[in-house]
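These numbers were taken from a predicted model, which means no experiment stands behind them. Residue numbers start from 1 in every chain, and the chains themselves are labelled A, B, ... in the order their sequence lines are given, proteins ahead of strands. Atoms considered below: every heavy atom in the structure, side chains included; atoms not considered: hydrogens, waters and symmetry mates.
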Amino acid sequence: MRVRFAPSPTGFLHVGNARTAVLNFLFKKKYNATYILRIEDTDMERSTKESEESILNDLKWLGIQWDEGPDCGGNYGPYRQSERFDIYREYTEKLLHGGHAYHCYCTQEELDAQRQKAAAANKPFVYPGTCRNLTLEQKKAFESQGRKPTVRFKVKDGITLSINDQIKGNVVFNSENIGGDFIIVRSDGVPVYNYIVIIDDTLMNVTHVIRGEDHLPNTPKQMLIAMALGLPVPVYAHMPLLLGPDRTKLSKRHGITSVAVYREQGYLPQALFNYLALLGWTLESGEEIVPVEKLVAEFELPKIGKSSAIFDFQKLKWMNSVYLRNLPFDKAFELFYPYIEKAYPTVSNNEWLTQVVDTVRGNCEIASDIVKEISIFFGDTAEFEEDAENMLATPEGKTIIQTAYELIHSTINESNYSTETLNTIKQKTGLKGKMLFMPFRAMVTGRLHGPELDKILPLLGYERFTKRIEYCHQRFVK
RNA sequence: GUCCCCGUCGUCUAGGGGUCUAGGACACCGGGUUUUCAUCCCGGCAACAGGGGUUCGAAUCCCCUCGGGGAUGCCA
């Protein structure tokens, strides 16, 4: 069996496409299929080499390995459509000679006008077949005007196209509803996606096409071409689309859609993979955090639900936090360090930092969170969050600040501050539990949330400790 | 407009005629553990889009309505 993932290099890898890549990968693993990576770069204006590279990188980062592709070759290459034009030209000739296609001299302006007219009349636009039976003289006349023809595929009426979709079930189209003869080669000679996918899929011996549902309405066109060319049609599986919280197609305004950005923010590839893989179905056990092998073991195309799914950024984050917490310390540290280095260029990678990261890592959902979590250890005065300020302005808050202030000017010193302060304040004020710890935490870190105070204090150091108390005394008590 | 797909808690889903007073997970709320945060544990909230059939019985099958999405490109 052979599957393929066929991105067009017109931007970063989108999570929706990443999901397609992931499910294809699950399929490959499950059935020991060959995974083909094909670059669909026939949109010459928008395709870039950089996009191609970043897409390949993101796929590798996600843990997806392919067997044939532009970077590693294979027996069915080339794997970029832009390098296969000679092949397509042959087929176009065949179609032209067989009477399945013809040159069309209609201009974009003429077609646009017809489309608008149809829209104004609330009617579907169907290409009327204007150039279907042009005489040689007529063609010459157009060409002498400087018109460059497109190639159109002839769509006969009354053909029933039935797709036995592995996810959607049996889907039936009628050739009348396709919109008439459609363009397969542009006037500049570059063939169009809907035409060459089917050629490449059959030439590359793809047995299962697993792709987004947005391609479902295009499938009958592709089948028509296959029929005209006498090519076999692969098995199809059209996956439901990913939507934003407002139920429209997932886009940037909903949140992060680019895999590269998830990587930059410190998501783990395993977590993204896991989340994407399970969007649309579940294991029998209902488990959510699942290693790839287990996913593969239970994966089956028909198990995927038919309805589109809303991308839940929150759940992804939760999933990532689980993966992050389960990481052994050295792996986690490796992951955190670049963020620390960038935010605090002067900090040195020493035992102190190791301990700081260790105490704080449990509060991180994604790796880049480390910057904020760690920030409580830097600076002579803490940066106060609003709820922490409010806490310190309460009577209990002031009492604790006042008491701490008195202590650092009397019995508390460098050698005993981290072990004695809290208990001494407790004795002196009678405050305990939340009423003791929360204001104290706010005073020392500027936050209401954070790691255990017992661990924070020795790592913070006596000097900063006292400076922060002095500051709070100044600001909230005086 | 036309064609196609879809419709179970806010979200992802389990469910394929009786075992469904509809199960799990995220989120949210409450409680417990932690002298404090987070974790963890326990509990709670919350859904079969609506209407007709078929049937002894319908979340499950059929039809209609409504709602959502996609396509309708010399984009992919």
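The partner of B:G1 is B:U72, by the rule that a Watson-Crick or G-U pair needs both atom distances under 3.5 Å. If you check B:A49 for Watson-Crick or wobble pairing at under 3.5 angstrom, you find it paired to B:U65.
In this structure the side chain of A:Leu407 never reaches within 4.5 angstrom of the side chain of A:Tyr417, judged on heavy atoms.
When heavy atoms are screened at a 4.0 angstrom cut-off, A:Arg115 is found touching the sugar-phosphate backbone but no base atom. Within 4.0 Å (heavy atoms only), A:Cys106 reaches at least one base atom of the nucleic acid.
The gap from the C1' atom of B:C37 to that of B:G70 amounts to 46 Å, rounded to the nearest Å. Look at the P atom in both B:G7 and B:C62: the space between them is 12 Å, to the nearest Å. Remark: the separation of the P atoms in B:G67 and B:A76 is 34 Å, to the nearest Å.
Taking every nucleotide of RNA chain B with any atom under 4.0 Å from a non-hydrogen atom of chain A, the first and last of them, 5' to 3', are B:G1 to B:A76.
Partner of A:Arg4 under the side-chain contact (heavy atoms from CB on, under 4.5 Å) criterion, chosen from A:Asp200, A:Ile36, A:Ile210, A:Leu37: A:Ile36.
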Below 3.5 Å, can you tabulate the donor-acceptor pairs from side chains in residues 313-324 of chain A to any protein atom, sequence neighbours excluded?
| from | atom 1 | to | atom 2 | distance (Å) |
| --- | --- | --- | --- | --- |
| A:Lys315 | NZ | A:Glu288 | OE1 | 3.4 |
| A:Asn320 | OD1 | A:Leu268 | N | 2.7 |
| A:Asn320 | ND2 | A:Glu365 | O | 2.8 |
| A:Ser321 | OG | A:Trp318 | O | 2.6 |
| A:Ser321 | OG | A:Arg325 | NH2 | 3.2 |
| A:Tyr323 | OH | A:Asn274 | OD1 | 2.6 |
| A:Tyr323 | OH | A:Val290 | O | 3.4 |

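For A:Asp41, there are no salt bridge (charged side-chain N to carboxylate O under 4.0 Å, His left out) partners at least two apart in sequence or on another chain.
Nearest-nucleotide mapping onto RNA chain B: of A:Thr42 and A:Gly305, the residue sitting toward the 5' end is A:Gly305.
Closest approach of A:Phe12 and A:Ser258 over heavy atoms only: CB-OG, 3.5 Å.
Regarding the sugar-base torsion, B:G16 falls in the syn class, its angle being within 90° of 0.
The pair A:Asp201-A:Arg38 meets the salt-bridge criterion, since a charged nitrogen lies less than 4.0 angstrom from a carboxylate oxygen.
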